[in-house]
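By convention in this document, chain letters (A, B, ...) are assigned in the order of the sequence lines, proteins followed by strands, and residues within each chain are numbered from 1.
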Amino acid sequence: MTGRKTDQPPISCTDCCATLQEYLDGSLAKTESMRVFLHLRTCTGCQTALEQWQATFGLLEAMPALGPPADFDRRILAAVPYESYRSMADLRQPRVPVILAEETLPVWVRSPVTRLAGMVMAAAAGIAMGWFQAPPNFAYGVVVGLLPEAVVRLQGMLRVATLALRRSGG
Amino acid sequence: MFDRHQDLKVIKRCKRGEEAAFAEILQRYRGPIYSLCFRMTRNSEDANDLAQEVFIKVFGLLDRFDEQYAFSSWLFRIATNHSIDHLRRNRLRFLSLDGVTGRDGEEYELQLPHKGPAPDTMLERKQAIQRLEEVIAELPPHYKAVTLLRHDQHLSYEEIAEILQLPLGTVKARIHRARNLIQQMLKERAYDI
Ligand SMILES: [Zn+2]
């Protein structure tokens, strides 16, 4: 501390008085604050000024809290456009590109009946090939049969991934 | 001073149209905003109208609120600007106000803490605070605003800079100047008694 005393030139009364506010509200840099502190120890004139500022700050901090009248909220809450916020909330949901929207696939492709029938067909074609030496073009049957289920699942996975990405991005 | 992240959560609920969320924001901010409007205007009726208008405006504009900023800063900015505009519109009325009571003649109650100085010094203290309130009321609107944000709302210089969208240095200089004016006026009044 005493080292700092010699590092810094002493502060003048004018400069000291001009920084008393900042000295009191703690916004003065440490070295500057130290210079003011050291000056105040020896200067009664500036000490008096400090006391005046302390009194003013004391008053400023003593301003009482005020509150609004009891029915303050009513007019405000009556004016809030709740309905428009509710309807906008749906629009604000993160969206996916059209290609990933469930409705983009025709109903007959994504219906459970089609998907189940396709899988049954694929299984039947596979069994025919494996056990009954059916001709190789039965492989098309396997592929076509699995297609509806595969398309629906792939689209679902991409949709979930896109939504997660958009939500995390804000 | 105000919890930014907590506010943001409630604002998101407001944007979904949840009525309770708006009530929560009011619960948190009605006191500070009313207090700011009252001390800017020194009139309880005007303060009530102004503060209500501020909330109505803010609640209607939530979609335009930029979530990068603190909600409290946005709210205080609208309240400060609204009060300053009001003072400008009513400059004549503002200049003719009498000190101790509001313009509507209604004396407002100072809520002093129960524990404190002895009765006679308490009365002196009460009078001193009243003199301070009068002095603040006479400050030019921009000085009044920074003083209230700093000493009534207890906001930091940085928060005030964000609210008023001014450089930190300007805010510090303005608060410094405002307090100089306050002290000077308080001294003049002390001699008058
Ligand atoms: Zn000195």
Side-chain angles (χ1 to χ4, degrees), chain A residues 14-29 32 36 46 48-94 167-170, chain B residues 14-19 22-23 26-27 30-39 44 47-49 51-60 62-63 67 108-113 116 125-126 128-129 131-133 135-136 147-148 150-152 154 156-157 172 175-176 179-180 182-183 186-187:
Chain A
T14 320
D15 288 347
C16 179
C17 282
T19 47
L20 284 177
Q21 281 192 44
E22 286 68 27
Y23 177 71
L24 279 176
D25 82 0
S27 63
L28 217 53
E32 200 63 13
V36 172
C46 287
T48 309
L50 179 74
E51 278 158 24
Q52 283 171 349
W53 274 117
Q54 276 167 334
T56 302
F57 271 80
L59 284 179
L60 282 166
E61 292 313 308
M63 274 195 289
L66 301 170
D71 63 343
F72 180 78
D73 293 6
R74 209 181 34 190
R75 181 181 157 207
I76 300 165
L77 291 175
V80 178
Y82 298 108
E83 281 316 316
S84 92
Y85 278 120
R86 275 174 208 145
S87 56
M88 280 190 293
D90 300 331
L91 299 175
R92 222 179 278 115
Q93 290 299 317
R167 284 214 180 89
S168 67
Chain B
C14 288
K15 286 186 181 179
R16 292 199 294 267
E18 248 184 73
E19 294 183 35
F22 290 93
L26 273 174
Q27 163 74 21
R30 70 163 92 79
I33 295 299
Y34 175 84
S35 187
L36 179 69
C37 293
F38 182 87
R39 290 201 160 102
S44 55
N48 201 29
D49 287 346
Q52 285 179 339
E53 283 156 18
V54 166
F55 281 109
I56 289 170
K57 185 172 179 184
V58 162
F59 286 169
L62 276 181
D63 262 337
E67 294 180 3
Y108 61 94
E109 196 50 43
L110 293 176
Q111 297 154 2
L112 288 170
R125 183 90 175 143
K126 194 171 163 171
I129 293 171
R131 273 202 300 278
L132 172 75
E133 299 250 23
V135 159
I136 290 176
T147 305
L148 293 176
R150 178 77 184 136
H151 291 287
D152 190 21
H154 310 285
S156 68
Y157 288 117
K172 284 183 178 175
I175 292 176
H176 182 96
R179 285 191 296 223
N180 272 345
I182 289 170
Q183 202 183 43
L186 281 176
K187 276 184 193 167

Undergrad: How long is the span from the CD1 atom in A:Ile76 to the NZ atom in B:Lys57, to the nearest 0.5 Å?
TA: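 Reported to 0.5 Å precision, the distance equals 14.5 Å.
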Undergrad: What is the minimum heavy-atom distance between B:Arg39 and A:Pro64, and which atoms define it?
TA: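 Smallest heavy-atom distance, with atoms named: NH2-O, 2.7 Å.
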Undergrad: Measure up the B:Phe22 and A:Tyr85 rings against each other and bin them: parallel (under 30°), tilted (30 to 60°), perpendicular (over 60°).
TA: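 Judged by the thresholds at 30° and 60°, the geometry between B:Phe22 and A:Tyr85 is tilted.
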Undergrad: To the nearest 0.5 angstrom, please state how far the CG atom of B:Leu132 sits from the CG atom of A:Leu59.
TA: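 If I round to the nearest 0.5 Å, the distance is 5.5 Å.
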Undergrad: Within the 4.5 Å heavy-atom criterion, are A:Pro68 and B:Phe38 side-chain neighbours or not?
TA: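 Of all side-chain heavy-atom pairs linking B:Phe38 with A:Pro68, none is under 4.5 Å.
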Undergrad: Tell me, side chain or backbone of B:Cys37 under 4.5 Å from chain A's heavy atoms, or both, or neither?
TA: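 Neither part.
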Undergrad: Using a 4.5 angstrom heavy-atom cutoff, name the option from B:Glu53, B:Glu67, B:Arg150 with the most pairs to chain A.
TA: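 Heavy-atom pair counts peak at B:Arg150.
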Undergrad: Measure the spacing between CD1 of B:Ile175 and CD of A:Glu22 and express it to the nearest 0.5 Å.
TA: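 Atom-to-atom, B:Ile175:CD1 and A:Glu22:CD are 9.5 Å apart.
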Undergrad: Looking at chain A, which one of B:Arg179, B:His151, B:Arg30 has the largest number of heavy-atom pairs inside 4.5 Å, strictly under?
TA: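 Heavy-atom pair counts peak at B:Arg179.
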Undergrad: Contact between B:Glu19 and A:Val80 at the side-chain level, heavy atoms closer than 4.5 Å - yes or no?
TA: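 Contact flag for B:Glu19/A:Val80 side chains = no.
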Undergrad: Can you say whether A:Pro81 sits under 4.5 Å from chain B via the side chain, the backbone, both, or neither, judging by heavy atoms?
TA: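 A:Pro81 touches chain B through side-chain heavy atoms alone.
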Undergrad: Could you tell me if the side chain of B:Glu133 sits less than 4.5 Å from the side chain of A:Met63, heavy atoms only?
TA: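 They are in contact (side-chain heavy atoms under 4.5 Å apart), so the answer is yes.
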Undergrad: Can you tell if the side chain of B:Lys187 reaches within under 4.5 Å of the side chain of A:Gln52, non-hydrogen atoms only?
TA: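 Yes - at least one pair of side-chain heavy atoms lies under 4.5 Å apart.
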Undergrad: Please round to the nearest 0.5 Å and tell me the distance separating atom CZ of A:Arg86 and atom CD of B:Glu18.
TA: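 Reported value, rounded in 0.5 Å steps: 9.0 Å.
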Undergrad: Can you find a pair of side-chain heavy atoms, one from A:Leu60 and one from B:Ile136, that are under 4.5 Å apart?
TA: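 In contact.
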Undergrad: Does any backbone or side-chain atom of A:Ala18 lie under 4.5 Å from a heavy atom of chain B? Answer side chain, backbone, both or neither.
TA: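 Interface part for A:Ala18: backbone (N, CA, C, O).
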Undergrad: For B:Leu62, is it the side chain, the backbone, both, or neither that has a heavy atom closer than 4.5 Å to a heavy atom of chain A?
TA: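 Both parts, backbone and side chain.
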Undergrad: So, for A:Leu77 and B:Ala23, which heavy atoms are closest and what is the spacing to 0.1 Å?
TA: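 Closest heavy-atom pair between A:Leu77 and B:Ala23: CD2-N, 4.2 Å.
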Undergrad: Once rounded to the nearest 0.5 Å, what's the spacing between atom CG of B:Asn180 and atom OG1 of A:Thr56?
TA: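 Rounded to the nearest 0.5 Å, the CG-OG1 separation comes to 10.0 Å.
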Undergrad: Does any heavy atom of chain B fall under 4.5 Å from the side chain of A:Glu83, the backbone, both, or neither of them?
TA: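 A:Glu83 has no heavy atom closer than 4.5 Å to chain B.
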Undergrad: What are the two closest non-hydrogen atoms of B:His176 and A:Gln21, and how far apart are they?
TA: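 Heavy-atom minimum between the residues: O-NE2, 2.9 Å.
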